[in-house]
Amino acid sequence: MSRNIRLIICYDGTRYKGWQRLPGTENTIQGKLEQILSRLLDEPIEISGSGRTDAGTHAEAQVANFHCESKMPCGEILSGLRRYLPEDIGIDSCEETSERFHARLNCKSKTYRYRIWNSEKPCVFQRRFVYVMPEKLDVAQMQSAAQRLLGEHDFSAFCANRNMKKSTIRRIDSIQITRDGEELVLTFTGNGFLYNMVRIMVGTLLEVGRGERKADSIPALFGAKREEAGYLVPAQGLCLMEVTY
């Protein structure tokens, strides 16, 4: 009888081409996991993640599941993964779950964090995990603009996939913008995110912070074209923090 195994995965995405398996390269998170699981369990394994993080994006708690025929205990699967995975991919937990659980289809909300090093001081040790922007930012105006992004809207202007055929309506439940010393942290929670959506929202909010657009101009972006919204910030500042079911 087939088993359904649920994993919680963390990774430094710096050197990977994102989560999703790609033809012609093994350098994806999904590809690495499937390769090692297939060898470990001696059967072909296909793994489903809660979402496809971009190339260079990180995760503290990516959720994934896979089906297998193997009777290997979850503790042994966990030990094997930790032994054979590269050091920039970690498995927090491995447990059997219900047959019907699907990491992507059952997801209710996701939380992403974007980190900005907002200082002229050098950022040597965190440079792979932050976007360096030394310019002065009006955080109060950014917070005002962020409030206007909340709710259910057509976020087509915040999607980098110009050939998107599915619905571009998403719901944003909360956006928090906080300062921690030299660092500005933006945290987004919503029921789902389009391709590059968080990174474009961050770019748009930064344009508000630099005085290049007004906070009250945000509602006009709903249902607009991609060119109307802000720029795409680099991937290294983005991390998937939590997935809820």
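In what follows, residues are counted from 1 in the order of the sequence shown. These numbers were taken from a predicted model, which means no experiment stands behind them.
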Are the side chains of Lys108 and Asn191 in contact, using a 4.5 Å heavy-atom criterion? no

Option among Tyr112, Phe188, Tyr114 that satisfies the side-chain contact (heavy atoms from CB on, under 4.5 Å) test with Met201: Phe188

Please report the interatomic distance CD(Glu99) to CZ(Arg3), rounded to the nearest 0.5 Å. 11.5 Å

Are side-chain heavy atoms of Tyr16 and Thr28 found at a separation under 4.5 Å? no

Between Tyr231 and Leu206, is any pair of side-chain heavy atoms under 4.5 Å apart? yes

Test side chain to side chain contact (heavy atoms under 4.5 Å, CB included) on Asp42 and Ser70; report intermediate values, then the result. CA-CA 8 Å; Asp42 195 28; Ser70 171; over 6 Å; no

Could you tell me whether a side-chain N or O of Ser38 sits under 3.5 Å from a main-chain N or O of Ile45, the two making a donor and an acceptor? yes

Are the side chain of Ser156 and the backbone of Ala224 linked by a donor-acceptor contact shorter than 3.5 Å? yes

Are there over 12 heavy-atom neighbours, none belonging to Glu120, within less than 6.0 Å of that residue's CD? no

Heavy-atom check, side chain of Arg52 versus side chain of Gln30, under 4.5 Å: no

Co-members of Val124 in a cluster of I, L, V, M, F, W and Y side chains, linked at under 4.5 Å: Phe125

So do the side chains of Leu240 and Thr57 get within less than 4.5 Å of each other, counting heavy atoms only? no

Exceeds 12 heavy-atom contacts within 6.0 angstrom, atom CG of Asp92: yes

Could you walk me through whether Tyr131 and Leu238 pass side chain to side chain contact (heavy atoms under 4.5 Å, CB included), step by step? CA-CA 9 Å; Tyr131 173 33; Leu238 186 62; over 6 Å; no

Indicate, with yes or no, if Tyr195 and Ile169 share a hydrophobic cluster defined by side-chain heavy-atom contacts under 4.5 Å among Ile, Leu, Val, Met, Phe, Trp and Tyr. no

Measuring from atom CG of Leu150 to atom CD1 of Ile172, what distance do you get when rounded to the nearest 0.5 angstrom? 8.0 Å

If you measure from OG1 on Thr204 to CD1 on Ile218, what distance do you get to the nearest 0.5 Å? 6.0 Å

Separation between OG of Ser174 and CD of Gln147, rounded to the nearest 0.5 Å: 9.0 Å

State whether the side chain of Asn65 and the backbone N or O of Ala103 hold a donor-acceptor pair below 3.5 Å, judged by distance alone. yes

Gln62 side chain to Gly49 backbone, donor-acceptor under 3.5 Å: no

Under 3.5 Å, is there a donor-acceptor pair between the side chain of Glu34 and the main chain of Ile47? yes

Closer than 3.5 angstrom, by distance alone: can the side chain of His153 be matched with the main-chain N or O of Phe155 as a donor-acceptor pair? no

According to a 4.5 Å side-chain heavy-atom criterion applied to Ile, Leu, Val, Met, Phe, Trp and Tyr, with indirect links allowed, do Ile77 and Phe101 form part of one hydrophobic cluster? no

Atom CG in Leu149, atom CD1 in Ile175: separation rounded to 0.5 Å? 4.5 Å

In terms of side-chain heavy atoms, does Asn27 have a donor or acceptor partner in Thr25 at a distance below 3.5 Å? no

Over all atoms of both residues, closest heavy-atom pair of Trp19 and Ala64: CH2-CB, 3.9 Å

Over all heavy atoms of both residues, which pair between Ser98 and Asn4 is shortest? Give the atoms and the distance, please. O-ND2, 2.8 Å

So, do Arg82 and Leu78 sit near enough that their side-chain heavy atoms are less than 4.5 Å apart? yes

Decide yes or no for His58 and Gln236: does some side-chain heavy atom of the first lie under 4.5 Å from some side-chain heavy atom of the second? yes

Run the numbers on Ser50 and Arg104 for side chain to side chain contact (heavy atoms under 4.5 Å, CB included), then give the verdict. CA-CA 4 Å; Ser50 69; Arg104 179 175 57 83; 5.5 Å; no

When you measure from the side chain of Gln35 to the backbone N and O of Glu26, does any donor-acceptor pair fall under 3.5 Å? no

Treat each ILVMFWY residue as a node, draw an edge where side-chain heavy atoms are under 4.5 Å apart, and state whether Val185 and Ile116 are in one component. no

If you look at every heavy atom in Pro219 and Arg148, which pair is closest and at what distance? CD-CD, 4.1 Å

Please check if atom CD in Glu46 has more than 12 non-hydrogen atoms from other residues, nucleotides or ligands closer than 6.0 Å. no

Can you tell me if CD on Glu96 sees more than 12 non-hydrogen neighbours from other groups inside 6.0 Å? yes

As a quick check of understanding, evaluate side chain to side chain contact (heavy atoms under 4.5 Å, CB included) for Thr111 and Thr244, giving each step before the final call. CA-CA 9 Å; Thr111 297; Thr244 63; over 6 Å; no

Taking side chain as C-beta onward, heavy atoms only, is Met241 less than 4.5 Å from Thr187? no

Distance, nearest 0.5 Å, that separates CZ of Phe193 from SG of Cys159: 13.0 Å

Please tell me whether Ile9 and Phe66 are part of a single hydrophobic cluster in this structure, the criterion being side-chain heavy atoms less than 4.5 Å apart. yes

Could you pull out the closest heavy-atom pair between Ala157 and Ile200, with the gap in Å? O-CG2, 4.1 Å

Please name all residues satisfying side chain to side chain donor-acceptor pair (under 3.5 Å) with Asn118, sequence neighbours left out, ordered by chain then number. Arg179

With side-chain contact (heavy atoms from CB on, under 4.5 Å) as the test, pick out the partner of Ile29 among Leu85, Ile89, Asp88. Ile89

Do Leu137 and Leu205 sit in the same hydrophobic cluster, where Ile, Leu, Val, Met, Phe, Trp and Tyr count as joined when their side-chain heavy atoms come under 4.5 Å apart? yes

Salt-bridge present (Glu227, Lys225; N to O < 4.0 Å): no

May I ask you to check if Arg6 and Tyr245 form a cation-pi contact, with NZ or CZ under 6.0 angstrom from the six-membered ring centre and within 45° of the axis? yes

Using atom types as modelled and distance alone, determine if a side-chain donor or acceptor of Arg213 lies under 3.5 Å from a backbone N or O of Arg210. no

Grab the two heavy atoms, one from Lys121 and one from Ser119, that are nearest each other, plus how far apart they are. N-OG, 3.0 Å

